[in-house]
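Labels below follow one simple rule: chain letters A, B, ... track the order of the sequence lines, proteins then strands, and each chain is numbered from 1.
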Amino acid sequence: MIVEYGGQALDECYQCGTCSSVCPWGDFRDFRLRNLIRLAQFGIEGYEGEDLWFCTTCGMCLDRCPRGVKTVDIVRSIRNIMGEAGTLPPLLQSALSGLEGNGNPWAGDPDKRSAWASEVGLRPHTEESEILLYTCCTHAYDPRNLKAQRTLARLLEKAGVKWGSLGNDEKCCGDPAHKGGRKDVFESLRDGNTEQIRATRPKKIVVTSPHCLENFKKNYEGLKGVTVIHVAELLRDLIRDGRLKPEKPVKARVAYHDPCYLGRHNGIYDAPREVLKAIPELELVELSRHHEDSLCCGGGGGRMWSDTPVAERFSVQRINDACAQGAQSLATACPYCVLMLTDSLGTVGKQDSLEVVDLGELLARSIDMGTLEGSPNPPAMVRGEQSSPAPHATGSGR
Amino acid sequence: MSKAISKDGQAAVGVYVCHCGTNIAGTVDVEKLAKEMAGEAGVVISREYKFMCSDPGQEQIKKDIAEFGLNRVVVAACSPRMHEPTFRRACAQAGLNPFLMLMANIREQCSWVTKDRTEATNKALAIVRATVRRARWMRPLQPGRAKVKPSTLIIGGGIAGIQAALDIAEAGYKVHLVERNQSIGGHMAELDKTFPTLDCSACILTPKMVQVAQHPNIELLTYHEVEEVRGSVGQFKVKVRRKATCVDNAKCTGCGVCITKCPVKKVPSEFDEKMAFRPAIYTMFPQAVPNKPVIDRKHCNYFVRGKCGVCEKFCEPGAIVMNDRDSVRELEVGTIIVATGYDLVDPGQFKQWGYGRFPDVYTGLEFERLCNAMGPTSGKIVKKDGQAPAAVGILHCIGSRDENYCKHCSRVCCMYSLKFAHLLREKTTARVYEFYIDMRAFGKGYEEFYHRVMHEGTRFVRGKAGQVLAPTEADADAPADSMIVVAEETTLGKLLRVPVDMIVLATAMGPAQGAKQVSEMLRIPRSPDGFFAEKHPKLAPVETPTDGVFLAGTCQGPKDIPDTVAQASGSAAAAMRFMARGEVEIDPSVALVRPEMCTACGMCVDVCAYQAIEIDPKRNKAVVNATTCKGCGTCVATCRATAIELQHFTDRQIYHELAGLLGEAW
């Protein structure tokens, strides 16, 4: 059954234990990925332990496995078996059921999906559009990320980019279901989205989340041959082409956090750094774990919809690392990372010494936004913004 | 079955379809095949049999040649690479020119690639029909003969080259042993003790080194490099460069004063794995053979800055020759043995296991130098700060067995890791941890050695070390400057964070630097892992596809000293096979120029990869050197005047074969 669900790689594991020893959960939990794979090699049909749901699919094990075993696919396969049996963790279950109905995992109103474009005006995708801008559900509905998305919209206007969007017809790429054990939900979204996207005949798709990037590039067979890039790459290109001119100095020491799905999974390390280095007087520092060694924020793989004690959160480790490097800002390029890091920042009370900021927001501070200056959210130095929990979540914070 | 006799030039073909047990008969309808071939034009007898390569099978062919006057034979069976020589010999014994026998491959190219009986049988019919048609146009050929010079070039002076040189020299043949460093000995000279006997490496190596130096049949060419190889088996023409040493070995007494006086003191010593320094004029190690210094002109003040000459001043015998320059000479040899050895892959890529990030992380060879009494610490196992280590981690499979680096297993590391554990427990009071996936103790005395080491208190962790980190809050009891080895003890399922202050990485072995150039120079292929490719992994482990060129030692793949020495002797024997006979048969399937059609345009000369064709200036026609020609056919295809023909594969023969495949009447 696991083979059917994509676990062929099982044959190759020689049980060396590298996966267990590089897994970020190793310090906190007894979960040993090697053991899970061993059980799978012996043909278990499911796994009742709760540890199965701790994996964030960060990809450290995938990167380091000497046999090239597709560890993440195996975890997903077993989760899919549990999903078929209807035994997902409750919070995740409800988020994924909502995904089917609302087209997003945040129980957000589909009619309000494009609210982020209210200042600049929503542009439907047409033949003249340079890019199809595909906005992540988290950018559309989470208040903290919504701010970043509004800033992005102003940047695109400033650069004169002819962007187009699917508007309120846009739906989740399906990532939470793909990683969280509801293959059926994912496939339904994938097929619907593929049809919808292909119908617009986009020249280039720009996604705002590395998770959407991963799905469109690797899991949407129907989009093969269509160019898909992440917004960090777009911003880099706009700066290179002179369409965005970061000229105002931003005197800050900034640490950059590599999101798992931008960095390790898709090899994009340089584009966001190039954007940061283009900002005058910005001092870029590396966290102690960076590039392929970057530590996950803890949000992927469906973990967004679960509770983690503060002492066990990876995001707290990242915040401590940023403070240890003397950084004033922790910049990143993924809505999950922004959400997780911002939330933990508040919980550990460090919001007065560090801010969590999206790449586009930092860039916007360096650009003379002209007539867009008078918009509701001026790009001033904002500190300690906490995300408010999305409507459906329960529990004492993430 | 007509009894056509060949007197009037008619073809009389015998077809033999082999079952090969069930290998062919299991998929191809061999009875149908034999029956249909009986009806082909020119076929006088068509049989099928279980094992054509067996004695009865061969006897049948010989009988039929005599009884039916066969003048062409087609054996439909396995690949010619298996039994072409067998059937050629059988025909020759029956008085039929062996080049009038053709094999039709209905196994590797037919029965082994499909399970569909109809498909396989139809394809086999096409193949055999094609071969029968071609067979009728084959012409008898005589193999050429080339003299084999009774001398061998051995490239590389490590233990493999040394062993092969001694074997060949002792048998009475001449050896030219070329070594690019200024002393023979190779990596084995760097080692301290060797597993499983714990013999001192230099003690067992140096007697052989001295024997090489003193042997009348061995010309020892150290500080030389092979630059060009032309020709073919029996008569290789080799250009060898003597690199300038700036020391006249005849006058030098080996007193060593120049070495002590040299003002350049800090060149990183290659022999000491860059853990110690040497001067610009130096010998590699105390037991070097020859024990004469050379001047490293890249670091010598005289050559770099134009000022010095201290060594020259102090040399009493006047052996320093500052105006010494490289020179090239040509050798002619009958056979070549490649013994170029190995290097460890670049450890700089193993940062996740601490190399380059912490001071006391070592490769196996670096650790050997720490153990060796002539090494940078005079044999004391100490850290960079001079202190003895309190805890040492030995990490297996760093870069080996790893899709991200080298797929292969480097074979010797489990054993040298055990050796290191033993030496550490013997020479220090350190705790020793070994992190392994499997323990490969395959050789004679190896498992016993493992058993012995297990008694000595080393802690074995069955789990590969995933990463090496600086201590964090999770490592409250560890010293602040220690290194934390993170590994899962897989048999317990427990994650371990082990603090150590010294680490030895068992890094992957690759072919020696320059293997690519050697492979191109000698035109020998390499396996996917980068080592030189043997002709057949089981049945021809010392030969290469190039006749007359052999392999010995780790250049063919990772191996320990016992296997290296055994293979070197094997390689020597293989080379002596040619030299003992004194001549070698040349495959007559070579290019032949029809002078009446040649316009001497020279395009064939440009495309020949073996320099086997040239324009004869007197006759102004292209001429092929039959001994060097490999029969590749490139010149044949290139010639615009269609003046070149490939014997045994002429255009006419090939067209008829094609017609047979395509089923058209020609």
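Atoms CG and CD, from B:Asp438 and A:Gln15 in turn, are 11.0 Å apart once rounded to the nearest 0.5 Å. For the atom pair A:Arg32 CZ and B:Thr490 OG1, the distance stands at 11.5 Å (nearest 0.5 Å). Between the SG atom in A:Cys65 and the CG atom in B:Asn404 there is a gap of 8.0 Å [rounded to 0.5 Å].
Side-chain contact between B:Glu403 and A:Pro66 is absent, with no heavy-atom pair separated by less than 4.5 Å. Using a 4.5 Å cut-off on side-chain heavy atoms (C-beta onward), A:Asp27 and B:Arg497 make contact. B:Lys464 has its side chain within reach of A:Thr18: a pair of non-hydrogen atoms, C-beta onward, lies under 4.5 Å apart. Side-chain atoms of B:Gln352 and A:Glu292, non-hydrogen and from C-beta on, never get closer than 4.5 Å to each other.
Of all the listed residues (B:Ile437, B:Val486, B:Leu495), the one sharing the greatest number of non-hydrogen pairs under 4.5 Å with chain A is B:Leu495. Looking only at heavy-atom pairs under 4.5 Å with chain B, the residue among A:Cys16, A:Cys19, A:Gly26 that has the most is A:Cys16.
One N or O on the side chain of A:Tyr14 and one on the backbone of B:Arg401 form a donor-acceptor pair closer than 3.5 Å. Of the possible polar contacts, none joining the A:Arg67 side chain to the B:Asp402 backbone as a donor-acceptor pair under 3.5 Å is found. The backbone N or O of B:Gly466 sits less than 3.5 Å from a side-chain atom of A:Ser21, completing a donor-acceptor pair.
Atom NZ of B:Lys516 is surrounded by 12 or fewer heavy atoms from other residues, nucleotides or ligands within 6.0 Å. Other residues, nucleotides and ligands contribute only 12 or fewer heavy atoms inside 6.0 Å of the CD atom of B:Gln513. Counting non-hydrogen atoms of other residues, nucleotides and ligands closer than 6.0 Å to NZ of B:Lys384 gives a total above 12. More than 12 heavy atoms of other residues, nucleotides or ligands sit less than 6.0 Å from atom CG of B:Asp116.
For chain A, no part of B:Lys407 is nearby; none of its heavy atoms comes within less than 4.5 Å. With a 4.5 angstrom heavy-atom cutoff, B:Glu489 does not touch chain A via any of its atoms. Contact of A:Asp293 with chain B is not made at all, since no heavy-atom distance falls under 4.5 Å.
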